[in-house]
Amino acid sequence: MRADLLSDGVDGLDEALAAVDGFDEALVAGLLRPQPGQAAGLNGLADAVAGTPLAARVAEAAEKTAAGAAGEDHFVALAAARTALLGSVHDALTARVEEVTGRPRAEEANAAAANNSEHAANLYAAARSWLCDLARAGWRGIDHELVDEAAPVVSAMLPDPALRRLATLLDGFATELAASCPGATLECVPVRRWADLWSRALLLTLPGAARASAVAEATGRLLPLGVDVQEHATAAQAQVHAVFEPVDGGTPRLVRASVSAPKSDTVVGAGLWQLLRPHMSLLGAVSEGRAMDLDAMPVTTEGDLIWDDARARTGGPAEVFATARVALPAAAAFAVSPLDRHPARIAVPVLLEGYGVEEGDNGVVLQVAGYRLAVDTDRVPAAGPLSPEVVAASGACVGLLRWDAGEFLLQPLAVERTVRKKTVAVHAGAWAGGTTDKAGVRAEKAATDAVTVLRERAGKLLRK
């Protein structure tokens, strides 16, 4: 891994992000009657896409919006320009990561047809209208009456699987906004996040934008690299990153397999596995250090396995660091769909060895080939034995290379450390399939009691 390349600047990166930031700040006060400062942000966005196919539409949209006369089409054009700029940042950073890792370039993805029924078109229009009203009001202008207008749209979308992606996004976005109402009293506005959610949702209301990923079948051996655990107060997800080796001897590919489940905010730490474990046998294989043999497992053109336990069986031993040293260097990534090209979504599996470690007020930093790579300790889950202290004592690490707040970060998935002159591996997902580790057993016991109480209460409610 050429970590020294991470310190090299990326041409145009700062300018693209500055244009996005200018537009995002314009959304804070709202676009109903833009002030001169907001107009500057709108013009900056238009200037950033000059010379592209979006140029004429975005220039018109910026002019109309600055005059307070923007319609839905103008807001859509601005959202498209913003998304295109962040997509270019994603592509530039991904190209840099490909240089660093030396892996094959991803292939372009295809997509299946979208839902273009009259019912869906009406719901898309209703969602688009609400999102445009949000833009006019701005984050400082939101109130419960405006935010609540999303509820009937979400309720009408949720029964349709083809619309559920947008419905879930709108529902989560509206929930965040409702918790922050009234906007005029907010001490701090999550400017980039809300602009991300707004622009993504707005583009997903366009016919053809919410195209489903084409699905193929994967037959071969799956070699896990680690588990990324994502936790919310009401939901949890485990995403397994792995190398897939096709049975026909084709190019190994980087793939992901995810499982999620709703939860109560009282279920935390190792308790998450009790909710997730029953839905995916792969979690057991991860904690046991074994491969899985797949037979016609559905896989999207973005590299996401649509997991089906009936199409998988446990294979032979597959040690994570052996996989990372032997199979990972030749594994090619799948391409990313257009709307998913965002720098926050970069998560590239890498192997680091022979690094130095710094510990300080800013956390753990790895010195790799002269580059100081910060460890994203906030992403180390409490649902496993891996901790910042363990990372600091390690000599090798398998992790996800991410980009956030202007720099590359490392999210550790597993590390090797020396204990009593022996090399020991510690994995974030070590407890995924169950554990005999004392700390893990205690955590599972506490979680079992909480889950049992919740199930009993839920059962009583259902019986009533």
Side-chain angles (χ1 to χ4, degrees), residues 103-104 215-229 237-261 272-274 276-334 347-351 381 383-386 396-400 412-416 423-437 440:
R103 293 198 202 123
V215 177
E217 293 183 342
T219 299
R221 186 169 66 153
L222 188 70
L223 304 169
L225 289 167
V227 185
D228 176 18
V229 181
Q237 181 186 69
Q239 186 174 69
V240 180
H241 290 259
V243 175
F244 171 68
E245 296 181 332
V247 71
D248 61 6
T251 302
R253 307 302 295 264
L254 290 172
V255 296
R256 301 170 297 269
S258 301
V259 58
S260 58
L272 303 180
W273 300 123
Q274 297 187 32
L276 300 171
R277 194 178 294 146
H279 303 292
M280 182 186 278
S281 59
L282 176 58
L283 296 178
V286 169
S287 61
E288 294 170 10
R290 306 186 75 84
M292 294 209 82
D293 296 321
L294 308 185
D295 182 13
M297 182 72 73
V299 58
T300 71
T301 47
E302 283 87 41
D304 291 295
L305 297 170
I306 304 174
W307 194 261
D308 180 356
D309 274 347
R311 298 173 185 265
R313 59 184 177 84
T314 304
E319 202 277 323
V320 165
F321 283 89
T323 297
R325 291 177 178 120
V326 177
L328 181 58
F334 283 84
V348 181
V350 295
L351 169 67
L386 192 61
C397 178
V398 172
L400 299 176
L413 299 178
V415 300
E416 281 186 339
T423 300
V424 177
V426 183
H427 305 265
W431 301 344
T435 180
T436 58
D437 180 275

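Everything numeric here is computed off the predicted structure, so don't read it as measured data.
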Check side chain to side chain donor-acceptor pair (under 3.5 Å) between [X] and all other residues, then give those that pass, not counting sequence neighbours.
| X | result |
| --- | --- |
| Ser258 | Gln239 |
| Arg311 | Asp308 |
| Thr300 | none |
| Asp228 | Gln230, Arg402, Gln411 |

Side chains of [X] and [Y]: does their closest heavy-atom pair fall under 4.5 Å?
| X | Y | result |
| --- | --- | --- |
| Pro224 | Leu282 | yes |
| Val259 | Arg277 | no |
| Phe334 | Val255 | yes |

Problem - Qualifying side chain to side chain donor-acceptor pair (under 3.5 Å) pairs with a residue from residues 315-333, counting only residues at least two apart or across chains - result: Arg325-Glu353, Arg325-Glu416
With [X], which residues qualify under side-chain contact (heavy atoms from CB on, under 4.5 Å), at least two apart?
| X | result |
| --- | --- |
| Ala261 | Leu275, Leu276 |
| Pro329 | none |
| Ala331 | Val243, Pro252, Leu254 |

Problem - Least distance between heavy atoms, Leu386 atom then Ala414 atom - result: CD2-N, 4.3 Å
Exercise for the section: Search all heavy atoms of Met297 against all heavy atoms of Ala312 and return the closest pair with its distance. Expected result: CE-CB, 3.9 Å
Pairs under 3.5 angstrom only: tabulate donor-acceptor contacts from the side chains of residues 289-296 to other protein residues two or more places apart or in another chain.
| residue | atom | partner | partner atom | Å |
| --- | --- | --- | --- | --- |
| Arg290 | NE | Gly315 | O | 3.0 |
| Arg290 | NH2 | Gly315 | O | 3.2 |
| Asp293 | OD2 | Arg313 | NH1 | 3.4 |

Practice task
Using the test salt bridge (Lys or Arg N to Asp or Glu O under 4.0 Å), find all partners of Arg221 that sit at least two apart in sequence or belong to another chain.
Solution key: Glu245
